[in-house]
Amino acid sequence: MKKDYQFIYNILFNHYGPQNWWPAESPFEMMIGAILVQNTNWNNVEKALNNLSEFMHPEEIDQLPIEKLAGLIRPSGFYKLKAKRIKSFLTWFKTYNYDIALVKKVDKHLLRLELLDIHGIGRETADVILLYALDTPIFVVDAYARRIFYRLGFDLPNAYDSFRKQIEKELPEDLTLYNEYHALLVQHAKDHCKANPLCDRCPILDVCERRVSRSV
DNA sequence: CTCCGGTGCT
DNA sequence: AGCACGGGAG
């Protein structure tokens with residue numbers, strides 16, 4: 001078996017099992033979660049989502065004063081910033097009448113550009129929304145993916161989109177696969193491939209070059 | 001490259 | 001008490 005992206009996936013999946021990520025109540029909640037989770041532990045996001053639960057409809061959150069919204073999402077950190085980002089996201093979402101089905105009809109490539117145009121939504125957040133809320137098979141490359149594959153010894157493009165396309169090129173375009181893979185990488189980064197790696201009992205240790213990265 | 005920031009780990 | 005965290009903008 002060749003040491004490629006599919007191979008690594010197989011090992012991680014066999015070791016950690018299915019992650020079944022983002023079992024949110026609704027695609028809308030997932031989109032809000034995608035913004036709240038920016039550089040934040042998911043644990044904190046759950047608290048924020050819990051505070052938001054009674055307002056968990058686009059119209060209601062859009063009507064909340066931004067200070068009130070900020071207060072509710074405070075546990076997720078960067079709360080004033082994220083309140084603005086949620087507002088600008090909702091301004092965009094409103095142009096689709098807050099209708100997920102309508103959004104899903106838009107061409108995937110065009111939709112990504114629209115999301116990137118929203119203030120506060122960068123490539124990773126856009127891709128998380130596309131993958132986990134809108135069922136678009138797109139590979140989310142985060143800092144963890146970069147760190148893990150770098151250490152393994154993969155040759156990584158610097159640019160986000162180049163890296164993403166390299167991975168997508170080598171994998172079947174499968175929603176479940178992309179969904180699970182991203183989740184598995186996050187899990188693996190937490191369990192073993194941390195900033196200070198815990199290589200003891202790492203499931204992919206025997207195929208890892210253990211390259212030492214300077215920044216990632 | 002720096003700031004934004006509260007939470008829960010070690 | 002120190003530090004990383006499902007990042008993005010200025």
Side-chain angles (χ1 to χ4, degrees), chain A residues 9 12 16 18-24 27-52 66-92 112-151 158-161 163-164 167 175-200 213-216:
Chain A
Y9 174 82
L12 292 178
Y16 296 106
Q19 301 297 299
N20 297 315
W21 243 26
W22 295 73
F28 175 65
E29 188 177 298
M30 291 193 200
M31 297 193 285
I32 298 299
I35 294 173
L36 292 179
V37 80
Q38 290 171 356
N39 203 37
T40 304
N41 193 297
W42 181 255
N43 211 352
N44 299 350
V45 175
E46 283 199 316
K47 297 183 177 182
L49 287 176
N50 197 38
N51 292 343
L52 277 182
I66 194 161
E67 299 80 12
K68 167 84 171 167
L69 175 59
L72 291 168
I73 64 173
R74 186 177 176 138
S76 72
F78 304 105
Y79 56 99
K80 293 179 187 170
L81 201 56
K82 287 175 180 176
K84 285 185 199 167
R85 292 180 178 180
I86 288 174
K87 286 290 190 180
S88 40
F89 168 76
L90 287 171
T91 300
W92 169 82
R112 188 168 189 268
L113 291 178
E114 286 192 15
L115 288 170
L116 288 175
D117 211 41
I118 301 170
H119 190 269
I121 295 191
R123 298 174 215 281
E124 185 175 338
T125 305
D127 291 343
V128 165
I129 290 174
L130 285 166
L131 176 63
Y132 290 101
L134 302 172
D135 302 322
T136 306
I138 192 160
F139 199 95
V140 177
V141 281
D142 56 359
Y144 290 147
R146 192 165 282 279
R147 178 202 289 168
I148 291 170
F149 289 118
Y150 178 84
R151 285 177 176 169
N158 285 321
Y160 178 100
D161 284 317
F163 186 23
R164 175 174 64 84
I167 298 176
L175 183 62
T176 306
L177 173 65
Y178 290 176
N179 184 321
E180 286 292 333
Y181 208 154
H182 176 63
L184 285 166
L185 289 172
V186 172
Q187 191 57 49
H188 180 60
K190 285 179 179 171
D191 284 6
H192 292 282
C193 214
K194 314 165 130 186
N196 284 327
L198 300 176
C199 298
D200 185 39
S213 60
R214 292 173 294 278
S215 54
V216 284

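Protein chains get the first letters and strands the later ones, always in sequence-line order, with residue 1 at the start of each. All values reported here derive from a predicted model rather than from experimental measurement.
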Problem set entry | Residue whose closest nucleotide on DNA chain C lies nearer the 5' end, N44(A) versus L116(A) | N44(A)
Exercise. Which listed nucleotide (dC4(B), dG6(C), dT7(B)) is nearest to the side chain of P75(A)?
Worked result: dT7(B)
Problem set entry | Side-chain N,O (T125(A)) to OP1/OP2 (dG8(C)) below 4.0 Å | yes
Exercise. Which whole-number value in Å describes the distance from I121(A) CD1 to dG7(C) C1'?
Worked result: 12 Å
Problem set entry | Options dG6(C), dG7(C), dG6(B), nucleotide nearest the side-chain atoms of R74(A) | dG6(B)
Exercise. Start at the 5' end of DNA chain C and walk down; is the nucleotide closest to A189(A) or to Y160(A) reached first?
Worked result: A189(A)
Problem set entry | Integer-rounded Å distance: dG7(C) P and M31(A) CE | 19 Å
For this session: Please report, rounded to the nearest Å, how far the P atom of dG6(C) is from the CD atom of E46(A).
Result: 12 Å
Exercise. Is there side-chain contact between Y181(A) and L12(A), with at least one heavy-atom pair below 4.5 Å?
Worked result: yes
For this session: Ignoring backbone atoms, test whether Y144(A) places a side-chain nitrogen or oxygen under 4.0 Å from the OP1 or OP2 oxygen of dC5(C).
Result: yes
Problem set entry | N43(A) or Q38(A), whichever maps to the more 5' nucleotide of DNA chain B | Q38(A)
For this session: Would you confirm whether H192(A), through its side chain, and L198(A), through its main-chain N or O, come within 3.5 Å as a donor-acceptor pair?
Result: yes
Exercise. Side-chain N or O of R147(A) less than 4.0 angstrom from OP1 or OP2 on dC5(C)?
Worked result: yes
For this session: Pick base, sugar-phosphate or nothing for L185(A), based on heavy-atom distances below 4.0 Å to the nucleic acid.
Result: nothing
Problem set entry | For atom CG of N41(A) and atom C1' of dG5(B), their distance in whole Å | 14 Å
Exercise. Mind checking the P distance from dG5(B) to dA1(C)? Whole angstroms is fine.
Worked result: 24 Å
For this session: Just call it for K84(A): base, sugar-phosphate, or nothing, with non-hydrogen atoms closer than 4.0 Å on any strand.
Result: nothing
For this session: Please report, rounded to the nearest Å, how far the P atom of dA4(C) is from the CG atom of D142(A).
Result: 17 Å
Exercise. What distance separates L185(A) CG from F139(A) CZ, expressed to the nearest 0.5 Å?
Worked result: 5.5 Å
Problem set entry | Nucleotide nearest F78(A) when distance is taken to its side chain, options dG7(C), dG6(C), dA9(C) | dG7(C)
For this session: Compare all side-chain heavy atoms of R164(A) with those of D161(A) and state whether any distance is below 4.5 angstrom.
Result: yes
For this session: Starting from P on dG7(C), measure out to CZ on F89(A) and report it in whole angstrom.
Result: 18 Å
For this session: Report the residue from D135(A), I138(A), T125(A) that forms a side-chain contact (heavy atoms from CB on, under 4.5 Å) with L130(A).
Result: I138(A)
Exercise. Whole Å only: how far is the CG atom of L115(A) from the P atom of dA9(C)?
Worked result: 12 Å
Exercise. What interatomic distance, in whole Å, is found between P of dC3(B) and the corresponding atom of dG6(C)?
Worked result: 22 Å
Exercise. Where the side chain of K190(A) is defined as all heavy atoms beyond and including C-beta, which of dG8(C), dG6(B), dG6(C) is the nearest nucleotide?
Worked result: dG6(C)
For this session: Would you mind classifying the nucleic acid contact of G77(A) as base, sugar-phosphate or nothing, using non-hydrogen atoms under 4.0 angstrom?
Result: base
Exercise. Rounding to a whole Å, what distance do you find between D127(A):CG and dG7(C):P?
Worked result: 13 Å
For this session: Quick one: label K80(A) by what it contacts on the DNA or RNA (base, sugar-phosphate, nothing), any heavy atom closer than 4.0 Å.
Result: sugar-phosphate
Exercise. What distance do D127(A) atom CG and L134(A) atom CG have between them, rounded to the nearest 0.5 Å?
Worked result: 11.0 Å
